[in-house]
Protein chains: 2
Amino acid sequence: MELKTAMTSRQDLFDTLAQVGKALGSGHRLMLLERIAQGEASVETLASTADLTVGNASAHLQHLRRAGLVTATRCGKQMLYRLTDQRIVTLMGLMREVAETNLAEMERLVSRMFPDANPDGALEAISRDELLSGLNSGDVALLDVRPEEEFEAGHLPTAINIPLGQLESMLDELPRDREIIAYCRGPYCVLSHEAVQRLRKLGYQVRRFDEGFPEWKAAGLPIH
Amino acid sequence: MELKTAMTSRQDLFDTLAQVGKALGSGHRLMLLERIAQGEASVETLASTADLTVGNASAHLQHLRRAGLVTATRCGKQMLYRLTDQRIVTLMGLMREVAETNLAEMERLVSRMFPDANPDGALEAISRDELLSGLNSGDVALLDVRPEEEFEAGHLPTAINIPLGQLESMLDELPRDREIIAYCRGPYCVLSHEAVQRLRKLGYQVRRFDEGFPEWKAAGLPIH
DNA sequence: ATTTTATTCTAATGATAATTAGAATGTTGG
DNA sequence: CCAACATTCTAATTATCATTAGAATAAAAT
């Protein structure tokens with residue numbers, strides 16, 4: 001047995017900092033964070049989005065909580081988790097950029113998962129700046145294809161919500177005269193890719209926004 | 001045994017992304033990265049800065065390499081590791097901010113480790129913007145207190161190098177008529193704190209830069 | 001009070017990761 | 001080719017983490 005000195009060491013500092021890294025070091029926890037970034041959610045909701053048992057999800061959420069990434073508040077029977085800090089969205093975005101730039105495996109997975117996101121193809125996504133100028137000039141209509149609950153918790157200004165499951169049954173909400181920009185949870189969410197593919201087959205002029213609601217919000221842009 | 005489908009799943013994407021988080025989820029690896037961010041370094045150098053056996057350091061470096069955070073090139077007998085990407089410095093900086101904001105433990109450790117960094121005290125560090133304007137107006141002199149090897153690998157413009165061990169023996173290099181700004185490896189490096197304390201005792205007008213060389217470089221500012 | 005529902009805790013198991021010592025590899029300079 | 005050196009690999013140990021099922025807690029509804 002070794003005596004612990006009361007002295008604080010550099011090692012302690014880095015170990016504590018590493019807790020944040022550890023929390024980000026699990027695919028399951030990153031999925032939970034992706035969902036939490038849409039707005040507060042209950043353990044059950046989070047468990048089902050991340051495809052975990054409730055007990056397991058709860059344990060991961062405790063882990064995220066100890067790392068200072070999320071907080072929880074009780075609301076009736078439920079425990080609602082939310083991000084402590086919008087910078088966490090930026091942090092995950094940077095991780096994504098670093099991974100996509102420097103991990104061959106990542107690039108391979110992304111292009112397999114989203115084959116339509118080919119840079120040559122007409123389906124290429126539009127950037128935040130392009131979207132902003134499109135919105136200013138009124139040239140585009142915004143389509144939020146996330147579930148209603150997430151839309152209600154916050155969405156881009158002027159966006160209309162058609163959850164993916166109801167896409168074909170709500171086509172009359174969509175304009176034919178303007179380009180439609182679909183968005184969802186973020187770069188690794190399939191919803192907007194799906195929506196674009198299905199709407200294109202129906203003849204709509206539609207592209208994806210290459211980020212999602214959390215990134216828009218974290219950038220300090222206005223939300224509703 | 002379960003059959004692996006060839007299909008790429010969302011889970012695979014997030015698991016791969018999590019490799020970056022995992023790599024950042026160890027105090028030892030964060031220390032290695034802090035040193036690598038100063039400039040390329042051999043395994044032996046890195047092992048000794050992070051207080052690891054060479055074998056263990058090598059294993060951690062392999063881990064960082066697999067996560068796409070560092071690359072290695074052979075140079076004679078030695079293997080030199082460097083960052084793949086300056087964004088990794090930004091990434092670590094964000095982790096630090098998130099941790100300091102949201103982890104009480106972190107705040108406690110920082111203020112214990114750097115008691116002189118008290119915001120009320122005269123020793124408060126100066127920011128990048130303040131430093132830039134001080135350099136433009138010629139009101140400050142820059143002092144790099146890192147080991148010579150790191151200084152040689154890159155430093156802030158106009159900085160003079162006095163490694164901490166030689167501080168008292170090289171006082172004649174320091175101006176008395178201007179404020180001195182000392183900097184080192186970054187926010188969690190003790191060198192500049194030490195330097196400021198020792199120089200203040202000797203009557204010098206001196207403050208710390210609240211970042212370090214890697215942050216300056218990652219911000220795209222000029223280096224020598 | 002009792003039941004229901006949501007969540008967290010506990011204990012046990014299996015899976016990963018960190019560490020060390022020592023062997024193996026690859027490079028340099030005789 | 002051999003000797004010296006730097007690094008990586010291997011094997012074994014220990015520690016940490018993820019997962020599950022089931023018990024415990026806590027609030028809400030009957």
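The shortest distance between the side-chain N/O atoms of A/Q78 and the OP1/OP2 oxygens of C/dT5 is not below 4.0 Å. In terms of phosphate contacts, A/Y81 brings no side-chain nitrogen or oxygen within less than 4.0 Å of OP1 or OP2 of C/dA6. Checking the phosphate oxygens (OP1, OP2) of C/dT19, a side-chain nitrogen or oxygen of B/H28 falls inside 4.0 Å.
Taking atom NE2 on B/H60 and atom P on C/dA17, their separation rounds to 12 Å, with Å as the unit. When rounded to the nearest whole Å, the span between CZ of B/R29 and C1' of C/dT19 equals 13 Å. Nucleotide D/dT19 holds its P atom 10 Å from the CG atom of A/L32, rounded to whole Å. Between A/Q19 atom CD and D/dC17 atom P there is a gap of 9 Å when expressed in whole angstrom units. One interatomic measurement links the two molecules: NZ of A/K22 to P of C/dT16, which rounds to 18 Å at whole-angstrom precision. As a whole-Å value, the separation of A/R66 CZ from D/dT16 P is 13 Å. Following rounding to the nearest Å, B/N56 (CG) and D/dT7 (C1') show an atom-to-atom distance of 14 Å. Rounded to a whole Å, the NE2 atom of A/H63 is 6 Å from the P atom of D/dA18.
With respect to A/R10 and B/E34, a salt bridge is recorded, a charged nitrogen being found less than 4.0 Å from a carboxylate O.
We find the CG-CD1 distance between B/L64 and B/I36 to be 6.0 Å, quoted to the nearest 0.5 Å. From A/M106, atom CE reaches atom CG of B/L17 across 4.5 Å, with rounding to the nearest 0.5 Å.
Ranked by how close their nearest DNA chain D nucleotide is to the 5' end, B/E44 and A/G25 are led by B/E44. Position along DNA chain D of the nearest nucleotide to A/L52 versus B/V43 favours B/V43 as the more 5'-ward residue.
Within a 6.0 Å radius of CD in B/E148, no more than 12 heavy atoms belonging to other residues, nucleotides or ligands are found.
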Under 3.5 Å, N/O pairs linking protein and nucleotides 21-30 of chain D:
none

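One N or O on the side chain of B/R198 and one on the backbone of B/L164 form a donor-acceptor pair closer than 3.5 Å. The closest donor-acceptor contact from the side chain of A/T84 to the backbone of A/G68 lies under 3.5 Å. Using modelled atom types, one side-chain atom of A/N161 and one backbone atom of A/D144 make a donor-acceptor pair closer than 3.5 Å. Not a single donor-acceptor pair under 3.5 Å links the side chain of A/Y81 to the backbone N or O of A/L46. When atom types are taken as modelled, the side chain of B/Q38 and the backbone of B/R185 share a donor-acceptor pair closer than 3.5 angstrom.
Counting only heavy atoms from C-beta on, B/M79 has its side chain closest to D/dT7 among C/dC9, D/dT7, C/dA17.
Each end of the helix from C/dA1-D/dT30 to C/dG30-D/dC1 gets its own rotation axis from five pairs of C1' atoms, and the angle between them is 20° to the nearest 10 degrees.
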